[in-house]
2 protein chains.
Amino acid sequence: MTYFGGHLRRRREALRKTDRRYSLRQVAQRVGIEPAYLSKIERGDLRPPSEATTLRLARELGEDPDVLLAMAGKVSSDLQAIIRKRPKMFADLLRQLKQAPDHAVLSVVREVRDGDW
Amino acid sequence: MTYFGGHLRRRREALRKTDRRYSLRQVAQRVGIEPAYLSKIERGDLRPPSEATTLRLARELGEDPDVLLAMAGKVSSDLQAIIRKRPKMFADLLRQLKQAPDHAVLSVVREVRDGDW
DNA sequence: TGTCATGTGTTGTATATACTACACATTTGG
DNA sequence: CCAAATGTGTAGTATATACAACACATGACA
């Protein structure tokens, strides 16, 4: 979780090597937050920002939103809404899949995608 | 969401018909909150309590924890942890299943439970 | 060599969350 | 009938969340 900030910084500096528009200040401005705030987040001085701000950061830095949210210790509110509509079913499913290896989960995902329910 | 309180009240009063220990005060005491607080929650005057308190209420009233949490507008933190460990996979899965009918999701749950991965 | 941009330190704040403490009128059971 | 239990109104609080505003020293670059 503290590594959220470090990840942001590494990602931003990587982008910066080929594009000077990825200074902390410019990113902060495009994302709509204060540079000092972003600075402290990148350095782990402050906790990750809100879901909305994290999503804008993900967009800006070309990261997967769900992955970045996870690094921020959060779960997308739209996923939460999906679970809340059918809590028993999805709670069971997730707990069943908790221990399952990646390939097993992926096969389920594919099966559902191609399924003709 | 406002109906969280009403649900609690109806459930408690139902239990009370056969067991006088289910007065608001006694339930509040066993759950470890102030009676006035529970009163306001049941009447929808205050928002649902924290996850921890909601879980104790579920135990006390014999309700499914995940369902009651959902009524409280929350998702169990252990489910969130499961998602955060493999965010892309579970985000994909949940969004795939969002529109799927109950029986389709249930068949996936069963398949996974009986699966020999 | 000066100026513009950069990263960061300090301070403050608005809002939400999750309750407690106490008092009071009403109801109920023995 | 009265003492205990019940539900509720009012007021207040501790903590967390999610930032903004401003100032300042350093570095780049033209």
Side-chain angles (χ1 to χ4, degrees), chain A residues 1-2 4-58 60-61 65 68-69 71-77 80, chain B residues 1-2 4-58 60-61 65 68-69 71-77 80:
Chain A
M1 301 172 187
T2 298
F4 173 84
H7 177 80
L8 277 194
R9 171 144 298 188
R10 282 189 297 277
R11 176 72 181 152
R12 185 177 57 76
E13 307 232 293
L15 290 170
R16 194 190 196 179
K17 281 182 181 165
T18 65
D19 191 338
R20 294 175 41 258
R21 293 172 52 255
Y22 285 91
S23 73
L24 185 148
R25 273 177 181 268
Q26 292 193 39
V27 167
Q29 185 181 345
R30 287 195 296 275
V31 166
I33 56 178
E34 286 291 311
Y37 185 46
L38 179 55
S39 170
K40 275 165 276 183
I41 285 168
E42 283 193 355
R43 306 195 35 245
D45 189 5
L46 289 186
R47 308 180 20 176
S50 68
E51 176 174 345
T53 298
T54 301
L55 291 179
R56 291 199 306 276
L57 278 167
E60 176 64 28
L61 301 176
L68 200 62
L69 279 176
M71 289 189 192
K74 304 180 193 243
V75 170
S76 171
S77 55
Q80 298 199 32
Chain B
M1 300 170 190
T2 298
F4 173 83
H7 177 80
L8 278 193
R9 172 144 296 190
R10 281 189 298 276
R11 175 72 180 153
R12 186 178 57 76
E13 308 232 295
L15 290 170
R16 196 189 194 183
K17 281 182 182 167
T18 66
D19 192 339
R20 294 173 41 255
R21 294 172 53 254
Y22 286 91
S23 73
L24 184 148
R25 272 176 183 268
Q26 293 193 40
V27 167
Q29 185 182 343
R30 287 196 295 276
V31 166
I33 57 178
E34 287 290 310
Y37 185 45
L38 179 55
S39 170
K40 274 163 279 184
I41 286 167
E42 284 193 355
R43 308 195 35 245
D45 189 6
L46 289 186
R47 308 180 22 174
S50 67
E51 175 173 346
T53 297
T54 301
L55 291 179
R56 292 200 305 277
L57 277 167
E60 177 64 28
L61 301 178
L68 200 61
L69 279 176
M71 288 189 193
K74 304 182 193 241
V75 170
S76 170
S77 57
Q80 298 198 32

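Convention: sequence-line order gives letters A, B, ...; per-chain numbering from 1. Keep in mind that what you see is a predicted model, and the values were worked out from it rather than measured.
Nucleotide C/dG7 holds its P atom 15 Å from the CD1 atom of A/I41, rounded to whole Å. Distance B/Q29 CD to D/dG7 C1': 15 Å, rounded to the nearest Å. The distance between atom CZ of A/R16 and atom C1' of D/dA28, rounded to the nearest whole Å, is 10 Å. When the C1' atom of D/dG9 is taken as reference, atom CD of B/E42 falls 16 Å away, rounded to whole Å. Taking atom CG of residue B/L24 and atom P of nucleotide C/dT26, one finds them 18 Å apart after rounding to whole Å. Rounded to whole Å, atom P of C/dG7 lies 14 Å from atom CG of A/L8. Protein atom CZ of A/R56 is 11 Å distant from nucleotide atom C1' of D/dA18, rounded to whole Å. Rounding to whole angstrom units, CG of residue B/L46 and P of D/dG12 are separated by 16 Å.
Counting only heavy atoms from C-beta on, B/K40 has its side chain closest to D/dT10 among D/dC19, D/dG9, D/dT10. Among D/dT6, C/dG7, D/dT8, the nucleotide with an atom closest to any side-chain atom of B/Q26 is D/dT6. The side chain of A/A36 has C/dT8 as its nearest neighbour among C/dT20, C/dT8, D/dC19. The side chain of B/S23 has D/dT6 as its nearest neighbour among D/dT6, D/dA20, D/dT8. Among the nucleotides D/dT8, C/dT8, C/dC19, the one closest to the side chain of B/S39 is D/dT8.
Under 4.0 angstrom from either OP1 or OP2 of C/dG7 there lies no side-chain N or O belonging to A/R43. Taking side-chain N and O atoms only, B/R12 has a distance below 4.0 Å to OP1 or OP2 of D/dG7.
Where A/R20 and B/R25 each meet DNA chain C at their nearest nucleotide, the meeting point lying more 5' is that of A/R20.
Electrostatic pairing of B/D45 and B/R43 does not count as a salt bridge here, judged by no charged N lying under 4.0 Å from a carboxylate O.
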Report all interatomic pairs (protein N or O, nucleotide N or O of nucleotides 14-18 of chain C) with separations under 3.5 Å.
residue	atom	partner	partner atom	Å
C/dT17	OP1	B/R47	NH1	3.0
C/dT17	OP2	B/R47	NH1	2.1
C/dA18	OP2	B/K74	NZ	3.3

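A cation-pi arrangement, defined by a distance under 6.0 Å to the six-membered ring centre and an angle within 45 degrees of its axis, is absent between B/R47 and B/F4. Geometrically, B/R11 does not engage B/Y22 in a cation-pi contact, judged by NZ or CZ lying under 6.0 Å from the ring centre and within 45° of the ring axis.
Residue-environment remark: CD (B/E13) exceeds the threshold of 12 foreign heavy atoms within 6.0 Å.
We find the CD1-CG distance between A/I41 and A/L46 to be 6.0 Å, quoted to the nearest 0.5 Å. Here the straight-line distance linking atom CZ of A/R16 with atom OG of A/S23 works out to 5.5 Å at 0.5 Å rounding.
As judged by a 4.0 angstrom heavy-atom cut-off over every strand, A/R9 is placed among residues touching the sugar-phosphate backbone only. Contact annotation for B/L38: no contact, since no heavy-atom pair falls under 4.0 Å across all strands.
Between the side chain of A/E51 and the main chain of A/S77, a donor-acceptor pair closer than 3.5 Å is present.
Shown are A/T54, A/L24, A/L57; of these, the side chain to side chain contact (heavy atoms under 4.5 Å, CB included) with A/L8 is made only by A/L57.
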